[in-house]
Amino acid sequence: MENIDWGALGFNYVKTDYNARYTFTDGKWSEMEITGDEYIKMHMSASCLHYGLELFEGLKAFRGVDGKIRLFRVEDNARRLQSSAERLCLPVPTIEMFVKACTEVVRLNEKFIPPYGTGASLYLRPVLFGTTAGLGVKPAKDALLIVYASPVGAYFKGGIKPIMVALDREQDRAAPRGTGDVKVGGNYAASILSGENAHKLGYSNVLYLDAAEHKYIEECGAANFFGIKNNTYVTPKSPSILPSITNMSLRQIAEDLGLKVEQRPVPLEELGTFEECGACGTAAVISPIGKIFDMQTNKVYEYGSEVGKVSMQMYTRLQDIQYGRHEDKHGWITIVE
Ligand SMILES: Cc1ncc(COP(=O)(O)O)c(C=O)c1O
């Protein structure tokens with residue numbers, strides 16, 4: 001696309017040519033429909049608007065070093081979307097429907113896939129919501145699944161660098177046995193206020209503690225948390241954490257690089273013992289954490305202004321796989337032709 005400045009792209013919606021849709025009515029899914037329409041016509045009493053019967057996914061397609069288009073772990077996103085749909089009693093799309101829509105949207109919008117070397121990529125946003133009109137709180141009988149795409153810029157312009165994070169005890173993102181382990185809009189609505197409070201103080205992300213006891217580390221903004229110490233990759237385990245596909249990949253990569261991997265409750269006090277720590281997710285792969293500030297106690301944890309060695313190694317390996325510079329030995333890549 002001659003009129004897109006790939007280097008200037010942020011994480012914003014950019015219109016592409018096509019999106020894919022499936023409609024659920026009368027107990028069954030429609031065939032996939034491809035449209036250029038960015039809008040939907042929906043009843044004002046639709047269940048997604050009133051009771052938050054909405055969920056989504058996020059994944060990326062990359063233009064590789066060999067010019068091929070690589071979609072990262074699309075089937076894992078499909079499975080996570082299925083578990084979100086089950087939790088909200090929404091109709092559950094099949095893996096095939098999801099993969100077909102993602103590959104088709106990438107293929108049809110090929111001219112929006114940023115060139116290799118720009119650090120930019122094509123972000124895919126599948127979204128599923130209940131459309132049944134009504135007033136009572138009950139499962140939706142009708143739903144719409146849309147997969148659209150938007151080119152997004154390199155997360156760190158001018159190279160990966162550590163972020164500053166604020167620890168919040170005023171608001172919780174998700175509760176045990178709530179919906180923290182699925183990707184539903186309500187979790188993000190619950191996180192907006194603490195995010196804004198942290199931003200006002202100059203912090204880019206919020207570190208959340210477990211809602212039951214406020215003793216254990218949960219997530220870091222819209223990303224999972226990990227720490228490195230004694231040649232070990234440590235990441236929290238909790239029923240209210242979203243199972244991050246990036247974290248899953250980093251646990252494998254940590255093993256491949258000869259690290260031990262521990263997925264277990266991580267008490268707050270352990271923050272002081274990590275040699276490196278970071279947030280991980282599709283948007284940035286790894287955001288190394290340079291400083292954590294406890295907004296209530298004013299305690300500060302510092303990890304330095306340089307990216308840690310292990311974080312850098314893991315970041316490089318994952319990007320190398322995504323851009324086709326390293327063998328995809330775990331079968332994470334779908335080539336879109
Ligand atoms: C709350 C939350 N945690 C973690 C992640 C990271 O997940 P993934 O690596 O699948 O992008 C995301 C982003 O999708 C998120 O929204």
Side-chain angles (χ1 to χ4, degrees), residues 11 52 54-62 71-85 87-88 98-99 102 121-128 147 149-150 152 155 163 165 168 171-176 178-195 198 204-211 216-227 233 235-254 263 266 277-289 311 314-315 317-319 321-322 330 332-334:
F11 193 76
E54 184 274 347
L55 58 97
F56 64 101
E57 272 303 327
L59 65 160
K60 282 179 173 176
F62 303 86
L71 196 49
F72 189 68
R73 301 197 75 163
V74 60
E75 293 193 355
D76 290 295
N77 286 93
R79 278 188 276 274
R80 192 169 66 185
L81 177 123
Q82 288 184 320
S83 69
S84 301
R87 181 66 177 81
L88 296 191
F98 183 96
V99 173
C102 290
S121 54
L122 188 72
Y123 182 76
L124 296 185
R125 171 52 63 87
V127 57
L128 169 63
V147 178
S150 179
V152 294
Y155 192 85
I163 57 165
V165 166
D168 189 23
Q171 279 97 36
D172 297 315
R173 189 194 77 93
T179 54
D181 61 338
V182 289
K183 203 164 167 66
V184 304
N187 296 340
Y188 299 83
S191 76
I192 294 285
L193 180 58
S194 53
S204 63
N205 254 333
V206 174
L207 189 64
Y208 293 100
L209 298 180
D210 76 285
Y216 299 95
I217 298 166
E218 290 261 305
E219 297 214 61
C220 187
N224 277 183
F225 175 89
F226 70 88
Y233 177 93
T235 192
K237 186 181 173 81
S238 146
S240 42
I241 289 179
L242 186 75
S244 152
I245 289 156
T246 312
N247 193 353
M248 235 198 290
S249 312
L250 291 176
R251 292 200 297 275
Q252 181 63 58
I253 285 173
Q263 196 178 11
V266 177
C277 63
C280 62
T282 295
V285 178
I286 286 178
S287 301
I289 297 175
S311 303
M314 291 193 303
Y315 174 82
R317 173 63 64 87
L318 186 46
Q319 290 250 291
I321 295 170
Q322 290 172 329
H330 302 295
W332 292 341
I333 301 293
T334 302

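Atoms within each ligand, like the ligands themselves, are counted from 1 in listed order. The model shown is predicted, which means the values in this text are computed figures rather than measured ones.
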> Considering distance alone, does some N or O of Arg80 sit under 3.5 Å from an N or O of ligand 1?
Replying inline: yes

> Would you say Asn77 has any N or O atom under 3.5 Å from an N or O of ligand 1, going by distance alone?
Replying inline: no

Give me the residue, atom name and distance of the protein heavy atom closest to [atom].
atom	value
atom 13 (C) of ligand 1	Lys183 NZ, 3.3 Å
atom 16 (O) of ligand 1	Tyr188 OH, 2.4 Å
atom 1 (C) of ligand 1	Arg173 NH1, 3.4 Å

> Between Thr235 and Asn247, does any side-chain donor sit less than 3.5 Å from a side-chain acceptor?
Replying inline: yes

>> Testing Arg80, Arg125, Lys183, Arg79 one by one against Glu57 for a salt bridge (charged side-chain N to carboxylate O under 4.0 Å, His left out), which residue passes?
In response: Arg80

Heavy atoms only: which of [options] lies closest to [atom]?
atom	options	answer
atom 6 (C) of ligand 1	Ser249, Ser244, Pro243	Ser244
atom 11 (O) of ligand 1	Val182, Asn224, Thr282	Thr282
atom 2 (C) of ligand 1	Ala279, Gly281, Ala222, Ala283	Ala222

> Does Arg173 pair with Glu218 as a salt bridge, N-O distance under 4.0 Å?
Replying inline: no

>> For a quick test of reading the model, state the closest non-hydrogen atom pair linking Ser194 to Val206 and the distance between them.
In response: O-CG2, 3.4 Å

>> Using side-chain heavy atoms (C-beta onward) and a distance below 4.5 Å, is Pro126 in contact with Phe98?
In response: yes

> Is there a side-chain contact between Leu318 and Leu250 (heavy atoms, below 4.5 Å)?
Replying inline: yes

> Going through the checks in order, is the side-chain contact (heavy atoms from CB on, under 4.5 Å) test met by Tyr233 and Ile253?
Replying inline: CA-CA 10 Å; Tyr233 177 93; Ile253 285 173; over 6 Å; no

>> Check contact between Ala223 and ligand 1, using heavy atoms of the residue and a distance below 4.0 angstrom.
In response: yes

> Relative to the heavy atoms of Glu219, which atoms of ligand 1 are at a distance of less than 4.0 Å?
Replying inline: 1 (C), 2 (C), 3 (N), 4 (C)

